[in-house]
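Since the structure comes first, as structure tokens, the remarks are kept for the end.
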Amino acid sequence: MAASSQSSVELGSNEVKDYICNACEDQNIVETSADFYCKQCERFYCGNCIHLHGKLFAKHNSIGRVDIDKWPVSKKVVDFIQTCDVHKEHKIDQFCNLHKQLCCPQCVSDQHSQCSKVTQISELTNTQPSGLEGLSVELEIVLGEIKTLQISQKASIQSLQKTYKEHSAVMIEQMRGNLNTYIDECDNNSVGTSGGNEQYLKEEICRNVVSIVNEFDNITAKELNEMKDEVISIKGSVTSSIHKCTSLHNDLSQFHEIVQKIGDNKQLCLIASIKCKHIIQQALTLLGKSGKALIVQSNTKHNVRIPSDKDVCIMRGICVLPDGQVLIVDSNNQKVKLLNQQYQVVSHWDVNARPVDICLITPSEVAVAVNTSKIHEVQFITVNQGKLVPGRKFQLQHECTGIAHHYGDLFVTSGKELYKYTLNGKLICRLYEQHGSANWTLNKCAVSPTGDRLYIITSHWQNKLLTLARDGTHLATYTDPALWRPVGLHVTPAGQVLVCGYWPPTVLQVGWEGQSKLTTLATEEDGVMGPRSVCYSSTTSSIIVGQWRDNNILVFRVE
């Protein structure tokens, strides 16, 4: 077959000139889009050249663009499929069955020379189906979901900016209110004053006005700067995610186009199928729909008690920063503790009441849920050079049992309801309410990486994992004998749902749909005794478990 000629436009472009006229090309005429393919000549022709071709070769069978699926695969498509993603100068010709990876000769030499089974692609085509069937539909679905995610992420940025502007306006209005209140009081007190008293009153007014303005500068301005930094950090994270979505969307679009026109070349079909499925898996991971079950490789135990602790630790919340540092909520000792990557306590902060949960806001900031019979609040803490620095906080008008965050939205469980707040403490709505049961049934909450699913564990006699849509609509319920009194809940960046059952002591992984168990990760035999919290560290590929009345955290290395 003659090498089919393709124009210089990138694969996946909407341009028509994906094939160019060979006859025009022979005459050094500017690139002209091909409209026909001659099977006998194995050449492409534009509308003008096909007429001359028809006069010379009346019996040749020319195929128009309406039957483009019958055209041969273009050289650029062939090169794109066969080129190794790592070593661009080499062509893929083998497959490692152990690592499930396509390989070029350099890949085999560098990484797979000791692998037990590396097979030639030409041999695989006789035993393994290409798998292209159904891929087109799957690609269309994933492309749609990626696009929806991008729209949602852009809306998150707009919401963040709106929250900051609203908070600024509220702070300034509060200062004006304080000034007006004070001036009104001065007017009332000035009645009947004269002479020296009047002069003294003016001086006193000036001093107090300056004091109010200084308080705004020192406290409110600091709070506004803190929130501004949060918005910038979260916006950067969202923007980075949007770029990843765009890149994957382009890759998926390319393969969607390739699947339509790849033809019946078995080797190309097989390579394209494997590459395509790899890209789809990357997209599913970004969408928080990873179906991969974690496998525990080893586990260790680390003591986190410090000299100032007055009682044994109860770790009701765990949060891991992107740099691998770990924060744990020790409710029994009313502390938030900072651990380094070796799980050693390097700093702590004494909370004014009982902390019950914690969630990540930015790469260096967390929000802590604090709850007693009289105090219900959210406290922000920044990690700065190995120290915990408290920031602003806001009060809640209800109990607070759990907290989660996603791109500027705070989700708080009250024991019976799930609420949605902005970062400045503004109540957006009540997303979910547990009817027909006593208080303290909705224990902890978590949110999927894309924010489209919310998870809640119900404690005591209900023993359920609930999955909700973004708007609070109930999607699924999962129950399991091992989830009696579920107390710990976490969602990994890939969307893997981790749940702890208090008794029997168990750590489970549930599918992202919230409908079925994928695997049991740890039990009493692995040292789990009364787990209270769980979190995944991407830095160390580990699951960290905090327990009830135990000075040790458990760390399970997984793959």
Side-chain angles (χ1 to χ4, degrees), residues 1-4 6 11-12 42 69-143 247-248 250-287 289-297 494 496 518-519 541 557-559:
M1 179 185 296
S4 53
Q6 183 173 20
L11 193 64
E42 296 185 337
D69 57 322
K70 298 178 181 178
W71 289 18
V73 183
S74 68
K75 183 178 184 301
K76 190 161 187 176
V77 169
V78 172
D79 289 342
F80 176 78
I81 295 172
Q82 290 184 334
T83 298
C84 176
D85 293 334
V86 179
H87 309 102
K88 303 296 184 182
E89 69 280 10
H90 292 290
K91 302 294 184 184
I92 292 168
D93 60 356
Q94 298 172 77
F95 180 77
C96 177
N97 291 271
L98 179 63
H99 295 97
K100 306 300 180 185
Q101 290 181 357
L102 292 165
C103 308
C104 70
Q106 193 64 46
C107 289
V108 175
S109 175
D110 291 348
Q111 299 178 351
H112 304 278
S113 59
Q114 303 300 317
C115 295
S116 57
K117 192 174 182 181
V118 178
T119 311
Q120 293 291 324
I121 293 292
S122 56
E123 296 178 17
L124 280 179
T125 55
N126 298 322
T127 59
Q128 188 170 323
S130 67
L132 282 179
E133 301 82 0
L135 272 181
S136 181
V137 174
E138 190 173 358
L139 282 165
E140 286 182 6
I141 293 172
V142 176
L143 277 167
S247 177
L248 271 175
N250 291 340
D251 290 343
L252 290 165
S253 297
Q254 286 183 338
F255 276 102
H256 186 262
E257 181 180 337
I258 287 171
V259 167
Q260 309 303 315
K261 53 172 77 169
I262 197 171
D264 56 0
N265 185 307
K266 289 186 178 180
Q267 291 192 35
L268 288 181
C269 287
L270 183 58
I271 296 173
S273 173
I274 295 171
K275 280 190 171 185
C276 188
K277 289 175 181 177
H278 178 68
I279 295 293
I280 290 175
Q281 189 55 53
Q282 284 183 309
L284 291 176
T285 299
L286 183 66
L287 290 166
K289 294 183 176 181
S290 173
K292 179 185 177 183
L294 298 170
I295 302 173
V296 175
Q297 299 295 308
Q496 296 145 318
L518 292 184
T519 186
S541 298
R557 190 68 180 263
V558 297
E559 67 170 23

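Computed from a prediction, not measured in an experiment: that's the story for all the values here. Numbering starts at 1 and runs along the sequence shown.
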Taking all non-hydrogen atoms of both residues into account, name the closest pair between Cys115 and Leu98 and its distance. SG-CD2, 4.1 Å

Using modelled atom types and a 3.5 Å cut-off, is there a donor and acceptor pairing between side-chain atoms of Thr285 and backbone atoms of Gln281? yes

Check whether any side-chain heavy atom of Val108 lies under 4.5 Å from a side-chain heavy atom of Cys104, and answer yes or no. no

Cys84 backbone acceptor or donor facing Lys91 side chain under 3.5 Å: no

So with a 6.0 Å cut-off around CD of Gln114, is the heavy-atom count from everything else above 12? no

Looking only at heavy atoms, what is the nearest atom pair of Ile121 and Gln94, with distance? CG1-N, 3.5 Å

Do His87 and Asp110 have side chains that approach each other closer than 4.5 Å (heavy atoms only, starting at C-beta)? yes

Please name the pair of heavy atoms, one in Ser541 and one in Arg557, separated by the smallest distance, quoted to 0.1 Å. O-CD, 3.5 Å

Check whether any side-chain heavy atom of Asn97 lies under 4.5 Å from a side-chain heavy atom of Val118, and answer yes or no. no

According to side chain to side chain contact (heavy atoms under 4.5 Å, CB included), who are the partners of Val78, at least two apart in sequence or on a separate chain? Val73, Gln82, Leu268

Nearest-0.5 Å distance that lies between atom CD1 in Ile258 and atom OG in Ser273: 12.0 Å

Using modelled atom types only, decide if a donor and an acceptor are shared between the side chain of Thr83 and the backbone of Phe80 within a distance under 3.5 Å. no

Can you tell me how far the CD1 atom of Ile141 sits from the CG atom of Leu284, to the nearest 0.5 Å? 10.5 Å

Distance from Ser247 atom OG to Leu252 atom CG, nearest 0.5 Å? 9.5 Å

From His256 NE2 over to Cys276 SG, what is the distance, rounded to the nearest 0.5 angstrom? 9.5 Å

His112 vs His99 aromatic rings, parallel, tilted or perpendicular, using cut-offs 30° and 60°? perpendicular

Minimum-distance pair of heavy atoms, taken over all atoms of Phe255 and Ala272: CE2-O, 3.9 Å

Does the side chain of Asp85 come within less than 4.5 Å of Lys275's, by heavy atoms? yes

Heavy atoms only: give me the nearest Leu294-Gln496 pair and the separation to one decimal. CD2-NE2, 3.6 Å

Could you tell me whether the side chain of Leu124 reaches within less than 4.5 Å of the side chain of Leu270, counting heavy atoms only? yes

With a 4.5 Å heavy-atom cut-off, do Ile280 and Leu135 have their side chains touching? yes

Is the number of heavy atoms from other residues, nucleotides or ligands under 6.0 Å of Lys292 NZ greater than 12? no

How long is the gap from CG on Asp251 to CD on Gln254, to the nearest 0.5 Å? 5.5 Å

Going through the distances and angles, do Gln282 and Leu248 end up as a side chain to side chain contact (heavy atoms under 4.5 Å, CB included)? CA-CA 8 Å; Gln282 284 183 309; Leu248 271 175; 3.9 Å; yes

In short, Gly291 meets Leu518 closest at the heavy-atom pair O-CD1, 4.0 Å

Less than 4.5 Å apart, side chain to side chain, heavy atoms only: is that true for Pro72 and Glu42? no

Going by the rule salt bridge (charged side-chain N to carboxylate O under 4.0 Å, His left out), which residues pair with Lys70 if we only count those two or more places apart in sequence or in a different chain? none

Roughly how far, to the nearest 0.5 Å, is the CD atom of Gln101 from the CD1 atom of Ile92? 10.5 Å

Side chain to side chain, Lys100 and Phe95, heavy atoms closer than 4.5 Å: yes

I would like to know whether Lys117 and Cys96 meet side chain to side chain contact (heavy atoms under 4.5 Å, CB included); could you show each step before the answer? CA-CA 6 Å; Lys117 192 174 182 181; Cys96 177; over 6 Å; no

Scan for ring-ring contact (aromatic ring centres under 6.0 Å, His included) pairs involving residues 265-287, sequence neighbours excluded, and state none if there are none. none

